[in-house]
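Everything on this sheet refers to the single structure shown next.
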Amino acid sequence: MRLYQSLKTFRKEKISKNLFKQFSAVMPSMSSTEKDAIEAGTVWWDADLFSGKPNWQKFINIPKPTLTAEEQTFMDTHVNTVCAMVDDWKVTTQDLDLTPETWEYIKKNKFLGMIIPKQYGGLGFSAFAHSEIMTKLSTRSSALAVSVMVPNSLGPGELLVHYGTQAQKDYYLPRLADGREIPAFALTSPWAGSDAAAIPDSGIVCKGQWNGEEVLGIKVTWDKRYITLAPVCTILGLAFRLYDPDGLLGDKKDIGITCALIPHNHPGVEIGRRHFPLNTAFMNGPTRGTDVFIPMDFIIGGVDMVGKGWRMLMECLAAGRAISLPSSNVGMSQLTMRSVGAYSRIRKQFSMSIGRFEGVEEVLARMAANTYMSNAVRIMTAGAVDLGEKPAILSAIAKYHVTETARKIVNDGMDVIGGKGICLGPSNFLGRGYQQLPVGITVEGANILTRSLIIFGQGAIRCHPYVLKEMQSTQEKDKALALNQFDEALWGHIGHVFKNMGRSFLSSLIGSNWTKVNANVAPETRIYYKYINRISSNFALMADMAMAVYGGSLKRKEKISARLGDVLSHMYLATATLKLYEDQGRQKEDLPMVRKVVQEQLYLAQEALFAIYANMPNRFIGTSLRLLGFMWGRVFKKPGDYQDRKIVEKLLKPCDTRNRVTANCYLPSNPDEPIALLEKALAISIECEPLDARIRKDEKNGVFKNNTNANVRDIADAAFEHGRITQQEYDLLKERNRLRDKVIHVDDFPHDLSNPIAFMQFNSR
């Protein structure tokens, strides 16, 4: 023990001390906003993936998210009811808004108060329930989903719950819960975009008149855009930068980002005008104000919370990203998969369902696997929030990859249904979703920046077991304590590097089978856990090497940072998929989808690593790292074709697998609606397939050779006339043909397109 302490003291005084001086000298100063962004939220399973040695027992022990009886009842009653009230074609072409009856139902049943605690009159639902509800609403109408989503995401409700004064909570939360108040939150400014810390909107601490008295307050000027619900809100949440030039609050002149609540009818507030985001009809628009005086009571949390808005936003944004956009895009994906799968069985060419063509089969299998994966990510990330996490990095991964994957799924679906998809009309079940895809890509942080700056940029500091500790040691004012902290972190970091170097080398030399999976996982998927062990150790080593090679300039090397983020992301997507397979009871029918997802993610993670090796500034370092990780070359391959048929067979017919993959789809009871028609036509088309086969055989044998009715459309008439099918079979075929024709029908309108499409003229401001 004495020898160890002596060595430790020698190490600290002779090595760590000098390195600490050098590290402190090159370490750039950290602004308060950067510090808040880095420290916001929590790390969870992402830290294990970053470690090089994931704890699989911890992974398996993550509780399966479930709905309470109350939440399930809400889903079965109110969610289904409000979905039935919405006609998306009418919403997007005529009303350009939800009907007053729908708005009233939403308010009355507290859809806007899902995240508000019951003690304030809200529903107090779990994050998982919130996610389930949003996913289902999104399969019906984007206007419906977004109108419910925003009050339950980052905004006045959530900020008040966490940071409001008791008086603010007592007054506003019950009113928000029952819809007496409609909230909007104004964050994005034209000149700042995704760089919220740089918003130009400002407030000056001053004295002014309020309710006939002179009080201390703020004179605020703002110009915001893209603000959802702003045109109809009754209470506006506002983020701005606060200054105190006269020292009315203290010595600090630049106080920082501050959040306030301002009534919509407060003098000087401008709302009402709308944006028109790609033919969606949710309320979205600008808000402005010039030298608007507000009392200090309007600050969320009161005067004690001035300047703390950035930290508030960063801490709450993680939960919003974890639920809102993943849920809405999974809903779009599930609707696409269910509808296009049915259409592919109903629609025939060359006497065969188009879903059985290998080219279409390849697309459908990809859609199914991607839908399964996206849903897995949605569920696991929402579950993390219910466990008390604020998963900053995982929510960014979920937001980026689920929205990008939805884009791929809907694009694939459009390719399959062809002309049916490109002609808008009441019977088009996919056109609006296709139009609206870019909305999710751009909001809550543009996807390009999320990938290149946030996932690894924030993850490298937060998820790494030692980097943040090393950085924090330079901020410590007690020099002796700072050196102790740095010494512990530094040598732990060095040990971490060598352990991952050893794991990488062993896996490179002899493969992944030697790695341990310390959990009772499904035998049929165990090998994937071992493969992820290998990727994790390679990634952890590569992350440290990139930080060593690039130093502080790594944040400007966005391509390298993005690829490192990709590796972390692909591991998370793979593990979320494996977790869903476990949580759903290891359904063997779903295994082909699971295999396709995980193999694809392993392959993509490998390719991202190889791209980093190839682009290291020093070829020797890049080659050495590649040999450490993949001595014998690439290991993982893209999924083979052999699984596609197994996947697609399950998605072309009513079955448990199809229902699990598209579990959140709203299925209308009105038989004339497009999705209801697809469901009914699918069932009857399958029932008629043996009859079609018999009739085709008769046709080939010349039975109908001299019958004028023996054409593609009327072949059933010829078969009935020749006595080859019974009256009951003939009636069944005629009903199938009627439903098939309605499914395949493409809408057309009068020459001037004046009816039923309503066009609006927007006056430029």
Side-chain angles (χ1 to χ4, degrees), residues 80 83-84 87 89 139 335-357 360 364 413 416-421 423 425-431 648-659 662 665-701 703-704 707-748:
N80 284 333
C83 284
D87 179 342
W89 176 248
T139 68
L335 175 66
T336 303
M337 185 67 256
R338 192 172 187 99
S339 58
V340 173
Y343 187 89
S344 300
R345 184 74 176 262
I346 297 163
R347 180 77 166 91
K348 292 187 177 183
Q349 288 190 6
F350 309 110
S351 301
M352 184 168 70
S353 294
I354 62 172
R356 301 199 186 280
F357 286 79
V360 176
L364 291 174
V416 172
I417 66 175
K420 172 73 177 179
C423 294
S427 69
N428 188 331
F429 49 83
L430 201 52
V648 173
E649 279 300 315
K650 299 293 184 183
L651 276 301
L652 293 181
K653 63 182 180 182
C655 65
D656 290 342
T657 296
R658 181 172 183 255
N659 289 335
T662 62
C665 276
Y666 170 71
L667 302 178
S669 57
N670 181 350
D672 293 325
E673 291 204 33
I675 301 302
L677 273 172
L678 279 165
E679 293 293 305
K680 191 173 181 181
L682 173 64
I684 199 171
S685 293
I686 294 171
E687 191 177 357
C688 287
E689 283 177 356
L691 296 177
D692 290 333
R694 276 169 43 197
I695 293 172
R696 281 199 304 274
K697 185 176 180 181
D698 284 344
E699 186 179 19
K700 287 181 181 178
N701 291 335
V703 173
F704 315 129
N707 194 309
T708 57
N709 287 331
N711 58 65
V712 173
R713 289 189 57 81
D714 303 315
I715 193 72
D717 295 340
F720 182 64
E721 290 173 12
H722 283 76
R724 308 300 292 179
I725 55 175
T726 67
Q727 179 70 53
Q728 185 178 5
E729 291 170 334
Y730 178 61
D731 291 343
L732 186 67
L733 287 168
K734 294 295 281 186
E735 177 64 8
R736 187 276 311 273
N737 291 348
R738 183 185 74 83
L739 292 173
R740 178 197 60 197
D741 289 349
K742 292 192 74 172
V743 164
I744 297 171
H745 168 74
V746 177
D747 300 291
D748 55 74

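Counting from 1, the numbers follow the sequence of the chain as shown. Side chains included, hydrogens not; waters and symmetry mates left out as well; all remaining heavy atoms used.
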Side-chain contact test, heavy atoms from C-beta onward, threshold under 4.5 Å: evaluate it for [X] versus [Y] and give yes or no.
X      : Y      : answer
Leu733 : Ile695 : yes
Arg345 : Lys653 : yes
Arg338 : Glu679 : yes
Ser344 : Leu364 : yes
Ile744 : Lys420 : no
Ile675 : Ser339 : yes
Asp717 : Tyr730 : yes
Leu732 : Cys688 : yes

Spacing of [atom1] belonging to [X] relative to [atom2] belonging to [Y], to within rounding of 0.5 Å:
X      : Y      : atom1 : atom2 : result
Tyr666 : Glu673 : OH    : CD    : 6.5 Å
Ile346 : Asp741 : CD1   : CG    : 11.5 Å
Ile725 : Ile715 : CD1   : CD1   : 9.5 Å
Asn428 : Leu430 : CG    : CG    : 6.5 Å
Ile354 : Arg347 : CD1   : CZ    : 6.5 Å

Subject >> Presence of salt bridge, Arg356 and Glu649, under 4.0 angstrom >> reply: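 Yes, Glu649 and Arg356 are salt-bridged.
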Subject >> Salt-bridge criterion met for Arg696 and Glu699 (N-O under 4.0 Å) >> reply: no
**OP:** Kindly write out the residues that satisfy salt bridge (charged side-chain N to carboxylate O under 4.0 Å, His left out) with Asp692, not counting sequence neighbours, or none if the list is empty.
**Re:**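 Partners of Asp692 by the salt bridge (charged side-chain N to carboxylate O under 4.0 Å, His left out) criterion, ordered by chain and then number, come out as Lys348, Arg736.
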Just by distance, do the side chain of [X] and the backbone of [Y] share a donor-acceptor pair under 3.5 Å?
X      : Y      : result
Arg694 : Arg724 : yes
Thr139 : Leu335 : no
Arg740 : Ala681 : no

How close do [X] and [Y] get, heavy atom to heavy atom, and via which atoms?
X      : Y      : value
Asp747 : Pro426 : OD2-N, 3.3 Å
Ala676 : Pro668 : CB-O, 3.7 Å
Gly355 : Val648 : O-CG1, 3.9 Å

**OP:** For Leu677, check side-chain contact (heavy atoms from CB on, under 4.5 Å) against everything at least two apart and list the hits.
**Re:**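 In terms of side-chain contact (heavy atoms from CB on, under 4.5 Å), with neighbours along the sequence ignored, Leu677 is linked to Leu739, Lys742, Val743.
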**OP:** State which residues pass side-chain contact (heavy atoms from CB on, under 4.5 Å) with Gln728; sequence neighbours excluded, sorted by chain then number.
**Re:** Thr726
**OP:** Please report the C-alpha distance between Asp731 and Glu735 in whole Å, then the side-chain angles of each, then the deciding distance to 0.1 Å, and finally whether the side-chain contact (heavy atoms from CB on, under 4.5 Å) criterion is met.
**Re:** CA-CA 6 Å; Asp731 291 343; Glu735 177 64 8; over 6 Å; no
Subject >> Mutual orientation of the aromatic rings belonging to Phe704 and His722 [parallel < 30°, tilted 30-60°, perpendicular > 60°] >> reply: perpendicular
